[in-house]
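Here the structure is laid out as structure tokens; the discussion comes afterwards.
Every chain is numbered from 1 and lettered A, B, ... according to where its sequence line falls, protein lines coming before strand lines.
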Protein chains: 2
Amino acid sequence: MNNKPAVEIYSDGACSGNPGPGGWAAVILINGKRTELSGGEQQTTNNRMEILAALNALRALKQPSQVTFYTDSSYLLNGATAWLPEWKQRNWKRKKGKLANIDLWQELDRALSEHEVKWVWVRGHAGNALNEYVDQLARAAIPHY
Amino acid sequence: MNNKPAVEIYSDGACSGNPGPGGWAAVILINGKRTELSGGEQQTTNNRMEILAALNALRALKQPSQVTFYTDSSYLLNGATAWLPEWKQRNWKRKKGKLANIDLWQELDRALSEHEVKWVWVRGHAGNALNEYVDQLARAAIPHY
RNA sequence: CGACACCAUUUUAU
DNA sequence: ATAAAATGGTGTCG
């Protein structure tokens, strides 16, 4: 048994130009209740927005939860599951070159440690309704002017 | 001052099916005089037709000229201005995958070197009279059945 | 080399 | 208004 509430999260990032203006969004489902969040930045990258989407979604949780996290980004998924532990062991270094987006990865690492997260990869633009929905939300959150 | 004649060229390609039967066309303006050319192929792609339109237009010039070249194809424009120099430096390789339409790009490169070309991008179907006209010419040049 | 994502333009189809 | 092909780019990792 588990006393932590079960949560589903769908998140996505978008970036017009890459690098360029970007947006992120997440849908959080807690036993029937649905919450949406989104935001944007003037100058960023697609991958930063993917991490930020996940980070903000996890931060929105009020208590330690059992999360099923859906993303189409293998960068986010592999980073959070496979690469993060290795980077930490190596003092936040990657094998070759400079580790990008350390700031966000470190904050995500902390956020992840407060929950029990099971990651699920979904192929982008392949018919998953909520994945397509957060994709739209993220695009809509790109700053215009 | 410049002794080369000033020339304006509008070109466009069209393709019925992509890949499929395609057509290309160009309008050349030399101080009031107007020349039109067009042609088609049974099996080609939209982008091959865009390059071919430019190539045939430049080849129609009788002497080294100062050309203002109008196109609605960012593929053609980026290729001719930004990508071509990099491809040449890398021995006609692109960064990832196989470089498409090398044959035409190499011929276009040679043709471009004989003139002084200033590229102008025009948004397709946005009211530019000559752009819309070459568009029609190109469609009309598509071989039927 | 591979993978996923993000994007730009054109060309089409319904 | 939908969706897909033809082409190119960067962002990131192993």
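Every side-chain hydrogen bond (donor to acceptor under 3.5 Å, both in side chains) that A:W105 has, sequence neighbours left out, goes to A:Y75.
Applying the side chain to side chain donor-acceptor pair (under 3.5 Å) definition to pairs two or more places apart or across chains, those involving residues 5-19 of chain A are A:E8-A:Y70, A:N18-A:N46. Sequence neighbours left out, not one pair with a member in residues 29-60 of chain A passes ring-ring contact (aromatic ring centres under 6.0 Å, His included).
For B:Q136, the CD atom sits in a loose shell: 12 or fewer heavy atoms of surrounding residues, nucleotides or ligands are nearer than 6.0 Å.
The listed nucleotides are C:A3, C:U10, D:dT12; the one nearest the side chain of A:Y75 is D:dT12. Side-chain proximity of A:A100 to D:dG14, C:U9, D:dT12: nearest is D:dT12.
Distance, B:D135 CG to C:U10 C1': 11 Å, rounded to whole Å. Spacing between atom CG of B:N131 and atom P of C:U9 amounts to 15 Å, rounded to whole angstrom units. Whole-Å rounding puts the B:D72 CG to D:dG8 P distance at 18 Å. Distance CG (B:N78) to P (C:U9): 10 Å, rounded to an integer number of Å. Going from atom CG of B:L76 over to atom C1' of D:dG9 covers 16 Å, rounded to whole Å. Taking atom CH2 of A:W24 as the reference point, atom C1' of C:C6 lies 18 Å away to the nearest angstrom.
Side-chain N/O atoms of B:R139 include one lying less than 4.0 angstrom from OP1 or OP2 on C:U12. In terms of phosphate contacts, B:R123 brings a side-chain nitrogen or oxygen within less than 4.0 Å of OP1 or OP2 of C:U9. At least one side-chain nitrogen or oxygen of A:H125 sits closer than 4.0 Å to the OP1 or OP2 atom of C:C6.
Rounding to the nearest 0.5 Å places CG of A:N101 at 11.5 Å from CD of A:E107. The CG atom of B:L76 lies 11.0 Å from the CG atom of B:L52; values are rounded to the nearest 0.5 Å. Taking CG of A:L137 as the reference point, atom CZ of A:R139 lies at 11.5 Å (rounded to 0.5 Å).
For DNA chain D, the residues of residues 80-88 of chain A within the heavy-atom distance limit of 4.0 Å (strictly under) are A:W83, A:W87, sorted by number. Residues of residues 7-22 of chain A having a heavy atom closer than 4.0 Å to DNA chain D, listed by number: A:N18, A:P19. RNA chain C lies under 4.0 Å from at least one heavy atom of each of the following residues of residues 43-53 of chain B: B:N46, B:E50.
Between A:E36 and A:R34 a salt bridge is recorded (basic side-chain N to carboxylate O distance below 4.0 Å).
Of the possible polar contacts, one joining the A:T71 side chain to the A:S73 backbone as a donor-acceptor pair under 3.5 Å is found. In this structure, the side chain of A:E86 does not engage the main chain of A:R94 through any donor-acceptor pair within 3.5 Å. Under the 3.5 Å distance criterion, the side-chain polar atoms of A:R90 are left unmatched by any main-chain donor or acceptor of A:W92.
Both A:I142 and A:W121 sit near RNA chain C, but only A:W121 has its closest nucleotide nearer the 5' end. Residue-to-nucleotide proximity on DNA chain D shows that, of B:N101 and A:E132, the 5′-proximal contact is made by A:E132.
The shortest distance between side-chain heavy atoms of A:D72 and A:E50 falls below 4.5 Å.
Residue-level contact check: B:L77 touches neither bases nor backbone, having no heavy atom under 4.0 Å from any strand.
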